[in-house]
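Convention: sequence-line order gives letters A, B, ...; per-chain numbering from 1. Note that these values count all heavy atoms, side chains included, but never hydrogens, waters or copies made by symmetry.
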Amino acid sequence: MSTAAGQVPAIDIKDLHKYFGDNEVLKGIDFHVDDSQVVCVIGPSGSGKSTLLRCVNRLEEPTSGQIMVEGIDITDPETDLDQVRSRIGMVFQQFNLFPHMSVLQNLVIAQRHVKRRGKDEAVQVARRNLEKVGLADREGAYPAHLSGGQQQRVAIARALSMDPDMMLFDEPTSALDPELVGDVLEVMKDLASEGMTMMVVTHEMGFAREVGDKLVFMDGGVIVEEGDPAEVLANPQHRRTQSFLSKVL
Amino acid sequence: MKRSTRRRLTQAVLYAVLLGLVLLLALVADWDAIRANFFAPGGFDSAEAWKELFTVGVKNTLIYTAIAFFGGLALAVVLALMRLSPLGPYRWLATAYVELFRGLPALLVILFMAFGIPIAFQWTPPGGSVGAGVIGLVLIAGAYMAETLRAGIQAVPKGQTEAARSLGMSAGRTTVSIVLPQAFRIVIPPLTNEFVLLIKDTALLFVIGFLAEQRELTTLARDAVSSGPTAGTSTSYIQAAVLYLIITIPLTQLVSYLERRQRRSR
Ligand SMILES: Nc1ncnc2c1ncn2[C@@H]1O[C@H](COP(=O)(O)OP(=O)(O)OP(=O)(O)O)[C@@H](O)[C@H]1O
Ligand SMILES: [Mg+2]
């Protein structure tokens, strides 16, 4: 990034609360992600991991608190959300490819309408990203004809085609057959090594340990513990972290 | 008795009863009356009669159906989006419209459009009274298809909208490029059904009174009952019935096929 590199965090969350009706799902989250950092978020089901991630690009409306993305307050009503979202790639557990479009069209459509790129440029960018995820030969295929692992890699390529400054992953490998998980993690590793800022909700502790710069453990809507992944995994400080890790490791 | 023997016996009895009923009908039926009233000469055997039914009746029926269907569809898209709008007044307006036109007899709407409105406001409808009657069909079809489309839109997974929005696509762009194309695909079978219903509803336009070249199939058949070679018989009704079925049965079969295919791909 050209502006104030290293000074403004990529994502900076202050005292974030989120209610669904009377149910307080996020109970005051303070947390930041630095440029080029890979932050992994773990925690039991229902602890609010997805909600936290979805607040970062305002797929969920925060109830209170502040979320700054590269210094821009995205909770400010004056902020152009579409503009901010186009710079934050998001990858879903269920892939969410557009089933009525070919792989190439999936990668082109938002470039055309959001980035206002010409057709040739958009196709060129799309092909470059398909190559990156190892699916250059499948650009004409429809999502239904791809394996889950291939679909997820297309979804990553689709997000990358917007040239995002950061990527959010919500359990990107949880819906995959075990033998397909590796390819997707490999793509994510490559991204991390290229310096992409990443926030990853995952159950892949191996990935967190190897690729993550920071590990965050959430439970009951709060961050219980955060730190160096290897450290937290080997030496959890809190009882809740210990009991969670003893169940999943 | 063995079970298999008993089953075969039951089947034989059922077939025998059926055969008996058919024979009875054939014996009781007044074949001369049937031939004279439903298959009079100058009807089924007349190329001339078929030609008029086809080039005027079927043609106009299909034209009125097509206008009612595509006009209704355009209206339905607007109504369905209004019903899903975050703005209350839009939702209420669309709901009121849908309830109004689904709750009224089509015939009443057609009469009102063809005579009520033009007389009250000195309005000359495009295409005359027929045009106004077809607009009545558009208004009704729009209400029914709006409900179908709304269900289709709601059947598109939420993740599709979220993926599009997370790429920075606007709400409008997401609706047009992502949600509606998938919704339409889901509702092709029920929309085809609506098309079949409209084909039959164009017969209601009969009440308006047509110029000769504007007549749809039912009106044409009715006129052939009062004049022409088969006058005084119902031959032309039977001919019109055959023509309606030639159009509608393949369409309803297509609907079943599409529904089966959709169920399999789920
Ligand atoms: N749209 C919603 N409406 C109401 N409640 C919701 C909604 N989304 C999530 N919740 C609730 O918020 C809580 C946190 O959900 P969230 O999906 O963030 O958890 P999670 O940590 O991602 O869990 P998982 O590991 O199962 O994905 C849960 O109790 C869930 O039922
Ligand atoms: Mg989740």
- Message: To the nearest 0.5 Å, what is the distance between CD1 on Ile109(A) and CD1 on Ile178(B)?
- Response: 4.5 Å
- His17(A) atom NE2, neighbour heavy-atom count above 12 within 6.0 Å: yes
- Side chain, backbone, both or neither: which part of Leu59(A) has a non-hydrogen atom closer than 4.5 Å to chain B? side chain
- Task: Give a yes or no on whether Arg7(B) atom CZ has more than 12 heavy-atom contacts from other residues, nucleotides or ligands under 6.0 Å away.
- Result: no
- Answer yes or no: is there a side-chain heavy-atom contact under 4.5 Å between Arg54(A) and Glu162(B)? yes
- Ser170(B) OG to His113(A) NE2 distance, which is reported to the nearest 0.5 Å: 9.0 Å
- Item | Heavy-atom side-chain contact between Gln160(B) and Pro99(A) under 4.5 Å | yes
- Task: Taking atom CZ of Phe115(B) as the centre, report whether more than 12 heavy atoms of other residues, nucleotides or ligands fall under 6.0 Å from it.
- Result: yes
- Message: Given heavy-atom pairs under 4.5 angstrom as the criterion, report whether the side chain, backbone, both or neither of Leu81(A) touches chain B.
- Response: neither
- Message: More than 12 heavy atoms of other residues, nucleotides or ligands under 6.0 Å from CD of Gln154(B): yes or no?
- Response: yes
- Rounded to the nearest 0.5 Å, what separation is found between the CG atom of Asp82(A) and the OG atom of Ser166(B)? 11.0 Å
- Query: Who among Leu97(A), Asp80(A), Ile88(A) has the most heavy-atom pairs with chain B under 4.5 Å?
  - Reply: Leu97(A)
- Under 4.5 Å to a heavy atom of chain B? For His100(A) that would be both
- Can you tell me how far the CE atom of Met169(B) sits from the CZ atom of Arg85(A), to the nearest 0.5 Å? 12.0 Å
- Under 4.5 Å heavy-atom distance to chain A, tell me which part of Arg173(B) shows up: side chain, backbone, both or neither. side chain
- Grab the two heavy atoms, one from Phe92(A) and one from Ala163(B), that are nearest each other, plus how far apart they are. CE1-CA, 3.7 Å
- If you draw a 6.0 Å radius around CZ in Phe20(A), do more than 12 non-hydrogen atoms from other residues or ligands fall strictly inside? yes
- Query: Is the count of non-hydrogen atoms from other residues, nucleotides or ligands lying under 6.0 Å from Tyr90(B) atom OH greater than 12?
  - Reply: no
- Message: Check whether Asn96(A) reaches the backbone of Gly159(B) with its side chain - one donor and one acceptor, N or O, closer than 3.5 Å.
- Response: yes
